[in-house]
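Residue numbering restarts at 1 for every chain, and letters A, B, ... go by the order of the sequence lines.
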Amino acid sequence: MHKQYKFELTTPGRGLINITDEVAKYVNHANVSTGLCHLFLHHTSASLTLCENHDPLVQSDLEAFMLRLAPDGDTLYEHIAEGPDDMPSHVRTVLTQSSLIIPVSDNKLALGTWQGIYLWEHRLRSHKRKITVTIQGD
Amino acid sequence: MHKQYKFELTTPGRGLINITDEVAKYVNHANVSTGLCHLFLHHTSASLTLCENHDPLVQSDLEAFMLRLAPDGDTLYEHIAEGPDDMPSHVRTVLTQSSLIIPVSDNKLALGTWQGIYLWEHRLRSHKRKITVTIQGD
Amino acid sequence: MHKQYKFELTTPGRGLINITDEVAKYVNHANVSTGLCHLFLHHTSASLTLCENHDPLVQSDLEAFMLRLAPDGDTLYEHIAEGPDDMPSHVRTVLTQSSLIIPVSDNKLALGTWQGIYLWEHRLRSHKRKITVTIQGD
């Protein structure tokens with residue numbers, strides 16, 4: 001059995017947004033006892049990631065790391081027509097994930113205690129982002 | 001229902017190859033309405049990645065970024081018996097993906113407008129690469 | 001059909017541990033002919049990765065690369081309360097994978113010749129790590 005849901009999210013610009021509760025709602029609706037929950041982001045300049053969910057400094061430190069690793073306006077790049085933060089956003093996406101799969105156990109997302117599901121906007125400005133949730137199981 | 005296909009590809013050497021049309025053929029053949037398409041690359045010196053599919057400069061910029069991050073012939077490494085581009089290829093693989101999962105909706109790969117599926121050869125020379133496609137759904 | 005198993009592993013501290021045989025046991029038990037094997041690690045400071053399984057120098061070189069890319073005690077970070085190796089461990093996790101999916105073909109894990117499944121402990125000290133294995137197929 002495969003159930004599929006689609007939702008959109010308007011990001012406020014670069015940064016990590018916790019979407020765990022939103023995803024949990026679909027898992028609850030799908031009513032699967034044992035299975036998997038797959039998330040897919042339909043974009044190449046934002047990511048999905050599992051991140052520590054307790055201290056917001058972890059998120060700002062991840063941002064600081066990525067900014068140092070793939071700085072905006074890097075003169076390395078030739079694809080610059082879409083702005084100084086566009087190619088770094090593609091790099092960040094390739095280094096992280098566009099999809100996540102989380103086990104479903106006893107009708108619930110089986111996340112670790114400190115794991116949250118995050119949409120990571122890499123572009124500086126606000127963007128509308130589309131996610132497909134596919135839940136399978138028995 | 002799980003359908004599995006295997007195919008091989010000979011790469012021309014380092015670089016990204018768009019395999020979206022090849023994968024779409026298997027999805028079409030599997031005739032699944034709602035489900036998932038899983039791709040798996042059986043190698044540790046090449047990757048599968050979702051990349052911007054419009055401007056080829058994005059691909060060459062990703063190459064430039066990786067070459068700076070994990071340069072060939074880096075004196076950091078001790079595993080050098082297989083050539084100066086071997087260990088950097090393992091690093092690139094670990095930093096990217098060996099498998100991808102894409103939703104299938106209405107019998108089609110539900111990719112975003114700008115998402116293409118790419119095989120990323122990290123070795124400098126041509127290699128034969130093996131991919132397994134597993135399609136599941138209702 | 002979805003079968004789910006959970007197991008724990010106490011790591012000896014930072015480094016890669018080959019868990020391929022352990023995972024193969026669950027695949028054998030699930031008795032699925034064609035399908036997928038999903039692994040999920042319930043932590044944000046350790047990873048799952050497919051790594052070259054022949055030369056242990058590949059693993060120590062991956063460690064050396066990560067130590068250079070995300071050094072312990074980096075003054076970039078503000079999340080430092082849990083020790084100098086904690087934030088670098090979150091960074092390493094985000095740059096690698098918390099889950100893996102491997103095809104099952106003819107009742108076996110369809111890994112490439114040189115692919116092994118590794119748990120990558122990023123913290124310096126020993127930790128107990130929890131993994132969920134979900135096997136689906138026909």
Side-chain angles (χ1 to χ4, degrees), chain A residues 1-8 30 35-48 65-66 68-71 73-82 84 86-102 122-123 127-137, chain B residues 1-2 16 32-39 47-70 91-118 120 122 134-138:
Chain A
M1 193 272 301
H2 291 70
K3 289 193 181 160
Q4 212 163 61
Y5 308 87
K6 290 169 192 290
F7 69 99
E8 286 186 341
L36 295 169
C37 171
H38 176 259
L39 305 175
F40 186 80
L41 183 66
H42 297 253
H43 306 278
T44 60
S45 54
S47 304
L48 295 171
F65 176 85
M66 278 298 192
R68 186 175 68 186
L69 184 65
D74 195 323
T75 55
L76 181 73
Y77 305 129
E78 295 184 71
H79 174 80
I80 53 173
E82 294 172 61
D86 184 60
M87 195 57 222
S89 297
H90 294 312
V91 167
R92 285 158 166 249
T93 301
V94 159
L95 292 177
T96 54
Q97 332 285 324
S98 300
S99 72
L100 293 175
I101 308 199
I102 298 144
H122 297 307
R123 299 303 305 269
H127 278 75
K128 191 182 273 189
R129 301 303 192 180
K130 202 175 130 189
I131 293 173
T132 295
V133 184
T134 307
I135 299 167
Q136 55 177 97
Chain B
M1 195 271 301
H2 292 71
L16 290 134
V32 156
S33 169
T34 301
L36 295 169
C37 173
H38 177 258
L39 306 175
S47 304
L48 294 172
T49 196
L50 294 173
C51 177
E52 203 264 2
N53 60 10
H54 183 65
D55 181 1
L57 289 177
V58 173
Q59 295 153 49
S60 50
D61 282 353
L62 286 175
E63 275 295 343
F65 176 85
M66 278 299 192
L67 192 61
R68 187 175 67 185
L69 184 65
V91 167
R92 285 159 166 248
T93 301
V94 160
L95 292 177
T96 53
Q97 333 283 325
S98 299
S99 72
L100 293 175
I101 308 198
I102 298 142
V104 175
S105 309
D106 303 324
N107 293 79
K108 286 197 185 106
L109 279 174
L111 287 167
T113 312
W114 309 109
Q115 286 179 314
I117 307 170
Y118 288 80
W120 196 346
H122 298 308
T134 307
I135 299 166
Q136 55 177 97
D138 308 319

- Under the side-chain contact (heavy atoms from CB on, under 4.5 Å) rule, what do A:His90 and B:Trp114 come out as? Steps first, then yes or no, please. CA-CA 11 Å; A:His90 294 312; B:Trp114 309 109; over 6 Å; no
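- Contacts of B:Val32 with chain A are absent, with no heavy-atom separation under 4.5 Å from either backbone or side chain.
- Across B:Thr113, B:Leu36, B:Thr49, the residue that shares the most heavy-atom pairs under 4.5 angstrom with chain A is B:Leu36.
- With no hydrogens or angles considered, a side-chain donor-acceptor pair links A:His2 and B:Gln136 at under 3.5 Å.
- With a 4.5 angstrom heavy-atom cutoff, A:Asp74 touches chain B only via side-chain atoms.
- For B:Met66, the part sitting under 4.5 Å from any heavy atom of chain A is the side chain, from C-beta outward, and nothing else.
- Here B:Ile101 is the residue among B:Leu69, B:Leu100, B:Ile101 with the most heavy-atom pairs under 4.5 Å with chain A.
- A salt bridge does not link A:Lys3 to B:Asp138: none of the charged nitrogens lies less than 4.0 Å from a carboxylate oxygen.
- When heavy atoms are compared at a cutoff of 4.5 Å, A:His38 approaches chain B solely by way of its side chain, counted from C-beta outward.
- A 4.5 Å side-chain heavy-atom check between A:His42 and B:Gln115 finds at least one atom pair inside the cut-off.
- Both the backbone and the side chain of B:Ser105 come within contact range of chain A, each with at least one heavy atom under 4.5 Å from a heavy atom of that chain.
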If you look only at distance, which donor and acceptor atoms sit under 3.5 Å apart when one is on a side chain in residues 57-65 of chain B and the other is two or more places apart or in another chain?
unit_1	atom_1	unit_2	atom_2	d
B:Gln59	NE2	B:Tyr118	OH	3.3
B:Ser60	OG	B:Leu57	O	3.2
B:Asp61	OD1	A:Glu78	N	2.9
B:Asp61	OD2	A:Glu78	N	2.9
B:Asp61	OD2	A:His79	N	2.7
B:Glu63	OE1	B:Arg92	NH1	3.4
B:Glu63	OE1	B:Arg92	NH2	3.2
B:Glu63	OE2	B:Trp120	NE1	2.7

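- For the atom pair CG (A:Asp86) and CG (B:Asp55), the distance works out to 9.5 Å, reported to the nearest 0.5 Å.
- Side chain of A:Gln4 to backbone of B:Val104: a donor-acceptor contact under 3.5 angstrom is found.
- Applying the side-chain hydrogen bond (donor to acceptor under 3.5 Å, both in side chains) criterion to B:Ser47, with sequence neighbours excluded, gives B:Thr96, B:His122.
- Using a 4.5 Å cut-off between heavy atoms, B:Glu52 contacts chain A through both its backbone and its side chain.
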